[in-house]
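Every value quoted in this text rests on a predicted model; they were computed, and no experiment measured them.
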2 protein chains.
Amino acid sequence: MSRPSSPSISQVANRSGVSKSTVSRVLNNHQHNFSVKDATRRRVLAAAAELNYRPNPIVRSLSAKRTNLIALLGLTDFGSGIRGGIELAANALMHRLYADGYELCVNVLSPREPAFAPPRWRVDGAIAINNHDAQQIDALDRSGLKYVTVNGPPGPHGASVTVDDDAGTRAAVHHLRTLGHRCIAYAPPEEYNLHDSLHRRRDAYARAMDEVGLAAVPGYDQLGRSAFDTLRSAVRDHGATAVIAYHDQIAIKLLRAAATLNLRVPHDVSVMCFNDLPPCGDLVPSLTAMALPNEQMGEQAAALLLEQTENPSSDPRHVKLPERLVIRESTAPPPNV
Amino acid sequence: MSRPSSPSISQVANRSGVSKSTVSRVLNNHQHNFSVKDATRRRVLAAAAELNYRPNPIVRSLSAKRTNLIALLGLTDFGSGIRGGIELAANALMHRLYADGYELCVNVLSPREPAFAPPRWRVDGAIAINNHDAQQIDALDRSGLKYVTVNGPPGPHGASVTVDDDAGTRAAVHHLRTLGHRCIAYAPPEEYNLHDSLHRRRDAYARAMDEVGLAAVPGYDQLGRSAFDTLRSAVRDHGATAVIAYHDQIAIKLLRAAATLNLRVPHDVSVMCFNDLPPCGDLVPSLTAMALPNEQMGEQAAALLLEQTENPSSDPRHVKLPERLVIRESTAPPPNV
DNA sequence: TTGAAAGCGCTAACAC
DNA sequence: GTGTTAGCGCTTTCAA
């Protein structure tokens with residue numbers, strides 16, 4: 001309950017024999033209407049270093065115009081033991097922002113807090129990750145804060161970084177078609193989720209199949225079915241020789257379902273998935289995957305946000321990043337070729 | 001850059017026609033030296049509700065004695081795309097604290113920030129997750145803050161929740177021994193990490209083998225070797241018929257190594273691992289695992305911390321939670337039985 | 001080139 | 001019962 005003993009700006013001021021204002025101005029490198037004698041600056045910097053002084057970024061935000069704080073929104077829990085690529089994006093993002101002199105602040109975590117509510121302290125911008133729809137970020141959008149959505153639909157006034165699931169799906173279908181497959185199924189996740197990739201990939205599949213003159217295998221739009229049922233229906237009832245899975249987790253279940261059904265992968269049926277995360281490459285057979293550009297998403301998000309905060313009048317940009325086909329063991333020509 | 005428009009306590013005060021203090025006292029349910037007319041209380045609550053007022057928890061911590069904030073320390077990045085169980089612990093912890101009226105606050109994230117530095121705003125307690133050693137939490141320990149370490153060694157003045165790797169390892173060896181195995185290897189992770197489980201499990205393995213009169217298979221203490229090399233050496237050079245893996249990730253690589261070496265699991269070699277996380281149960285073969293009590297760790301951590309904060313003179317407690325054997329397909333009697 | 005003082009949102013000690 | 005005021009750590013006017 002005791003006050004954390006980290007040094008305050010007053011202590012630095014005392015130690016260096018100047019006022020708090022001067023300390024603040026020196027440490028923040030103020031140029032406007034301000035200059036210091038070199039000796040003073042050095043004394044201040046020395047005192048700060050000796051005390052290991054670090055300003056409290058949130059207190060600073062009480063009064064400062066610019067805070068160098070970027071809020072990371074959308075983190076309402078720590079994951080469910082199932083990890084997605086978004087962590088990789090968040091890491092890349094953090095490092096990029098840091099390089100530009102910003103810090104990332106994560107909202108206080110509480111089940112009661114709305115997921116994308118702008119923070120209650122002042123920040124220079126916000127990143128909304130994995131928002132399901134545009135409505136979810138309504139409050140953020142109306143706050144006037146500059147923001148970017150990452151891997152979710154953009155809001156009216158924000159920039160966005162998304163992933164080109166359309167092209168990715170087309171490339172996936174193309175890959176399988178080139179191998180000789182003519183009956184290609186799509187496996188939605190076993191469990192509902194609200195992320196828009198759920199619809200995006202499903203619809204992209206239907207479109208891509210249509211484009212190349214193949215019929216979508218029934219069941220592709222059926223949610224809540226087990227991987228086992230999806231695979232059995234696709235292969236046994238509809239003659240599918242390949243399955244594109246919504247993500248790696250469902251693909252792993254498909255591999256197991258195949259084993260149970262005495263189907264060899266890829267000999268009897270090819271399996272591939274979106275999102276190339278561990279352990280995709282280590283499975284037997286290793287999984288062909290449409291890799292998502294996780295790190296690039298983070299970097300782009302940081303870049304787009306900085307554009308906005310540093311040039312407030314610029315129009316928010318929308319970037320769509322390509323996915324990348326990683327061919328491994330789980331896809332091969334169909335049995336009858 | 002514009003100030004987020006979230007309402008301040010002054011606005012609530014204006015709207016309800018009372019002073020800020022009264023608003024504060026009503027909303028914080030003060031009892032000591034304070035009572036309100038019911039009409040006033042209702043007006044305040046109504047105004048707060050209408051404005052959707054939420055106090056800024058960090059600003060509150062500037063002056064409040066008690067903040068109802070618990071700091072979560074140790075989160076320096078968002079993960080590496082590889083799942084861990086600690087997220088499950090953190091979730092359980094958050095919900096438990098929330099139920100008791102606390103909120104969790106995550107430090108501002110920055111690569112420059114020391115991992116376990118106590119926050120620079122006032123909190124009622126702290127949780128340090130996955131600390132590697134006691135030294136890492138030195139600053140925290142000296143701060144006088146009440147804290148718990150979760151899944152890491154305790155500090156001199158803090159409570160701790162750990163996992164009984166010793167008993168777990170013994171149970172793993174017992175399981176395999178009961179199946180008939182006499183030559184049981186241990187596979188350390190491919191990549192170095194600093195977490196103390198690295199030594200704990202390795203040493204526990206050596207001890208457990210010793211206790212039942214079996215010889216530890218050489219290589220168990222060799223870090224940085226690939227799963228493939230570990231398995232080949234254990235099976236080919238030393239006749240191992242079973243391998244206990246440090247975690248699920250290395251176990252998955254062992255499965256692949258086995259396939260490459262034309263070893264069937266579990267027919268030729270049994271594989272099991274610590275940490276039962278997805279996709280352990282979905283692999284082919286599904287992995288026998290020593291499950292870690294992730295959620296319980298979180299709950300216990302919250303409980304131990306609350307004990308400390310609510311009864312500051314009580315001695316910090318140390319809880320060690322049991323692991324649980326989950327038998328699946330990847331372990332079976334050795335080939336020659 | 002620097003300091004004093006006000007103020008950010010909130011709580012707590014002290015009035016009345 | 002309720003208001004007034006000081007102060008938490010920091011930045012930013014305004015003065016000098």
Query raised in the report: Just wondering, more than 12 heavy atoms not from Q135(B) lying within 6.0 Å of its CD?
Result: no
Report task. Whole angstrom is fine here: how far is it from CZ in F34(A) over to C1' in dG3(C)? Result -> 11 Å
Query raised in the report: Roughly, in whole Å, what's the span from CG in L62(B) to P in dG9(D)?
Result: 7 Å
Query raised in the report: Regarding S24(B) and S21(B), is there a side-chain donor-to-acceptor distance under 3.5 Å anywhere?
Result: no
Query - Rounded distance (Å) that lies between atom P of dC8(D) and atom CD of Q11(A) - result: 12 Å
**Report entry** Residue whose nearest DNA chain C nucleotide is more 5′ - S35(A) or S10(B)
**Finding:** S35(A)
Report summary line: Taken to the nearest whole Å, CG/D124(B) to C1'/dT11(C) is 14 Å
Query - Nucleotide dT11(C), atom C1' - distance to CD1 of I58(B) in whole Å - result: 16 Å
Query raised in the report: Would you find a donor on one side and an acceptor on the other, under 3.5 Å apart, between the side chain of Y102(A) and the backbone of L97(A)?
Result: no
**Report entry** Distance test, side-chain N/O of S63(A) to OP1/OP2 of dA6(C), below 4.0 Å
**Finding:** no
Query - Pairwise distance CG(L62(A)) to CZ(R60(A)) - rounded to 0.5 angstrom - result: 11.5 Å
Report summary line: Rounded to 10°, the angle between the first-five-pair and last-five-pair axes of the helix from dT1(C)-dA16(D) to dC16(C)-dG1(D) is 50°
Query raised in the report: To the side chain of R60(A), which of dC10(C), dT11(D), dT2(D) is closest?
Result: dT11(D)
Query - L69(A) CG to dT11(D) P, straight-line distance once rounded to whole Å - result: 11 Å
Query raised in the report: For the atom pair CD (Q296(B)) and CG (L93(B)), what is the distance rounded to the nearest 0.5 Å?
Result: 13.0 Å
**Report entry** Distance-minimising heavy-atom pair for P7(B) and Y53(B)
**Finding:** O-CD1, 3.3 Å
**Report entry** NZ/NE/NH1/NH2 to OD/OE distance under 4.0 Å, K146(B) and D124(B)
**Finding:** no
Report task. Kindly say whether V12(A) contributes a backbone atom to a donor-acceptor pair with the side chain of S16(A) at under 3.5 angstrom? Result -> yes
Query raised in the report: If every non-hydrogen atom of P293(B) is compared with every non-hydrogen atom of L321(B), which pair is closest and at what distance?
Result: CG-CB, 3.6 Å
Query - Sub-4.0 Å heavy-atom contacts from residues 14-31 of chain A onto DNA chain D, ordered by number - result: K20(A), S21(A), S24(A), R25(A), N28(A), H30(A)
Report task. Starting at atom CG of N56(A), determine the distance to atom C1' of dT11(D), rounded to an integer number of angstrom. Result -> 13 Å
Report task. Starting at atom CD1 of I9(B), determine the distance to atom C1' of dC8(C), rounded to an integer number of angstrom. Result -> 14 Å
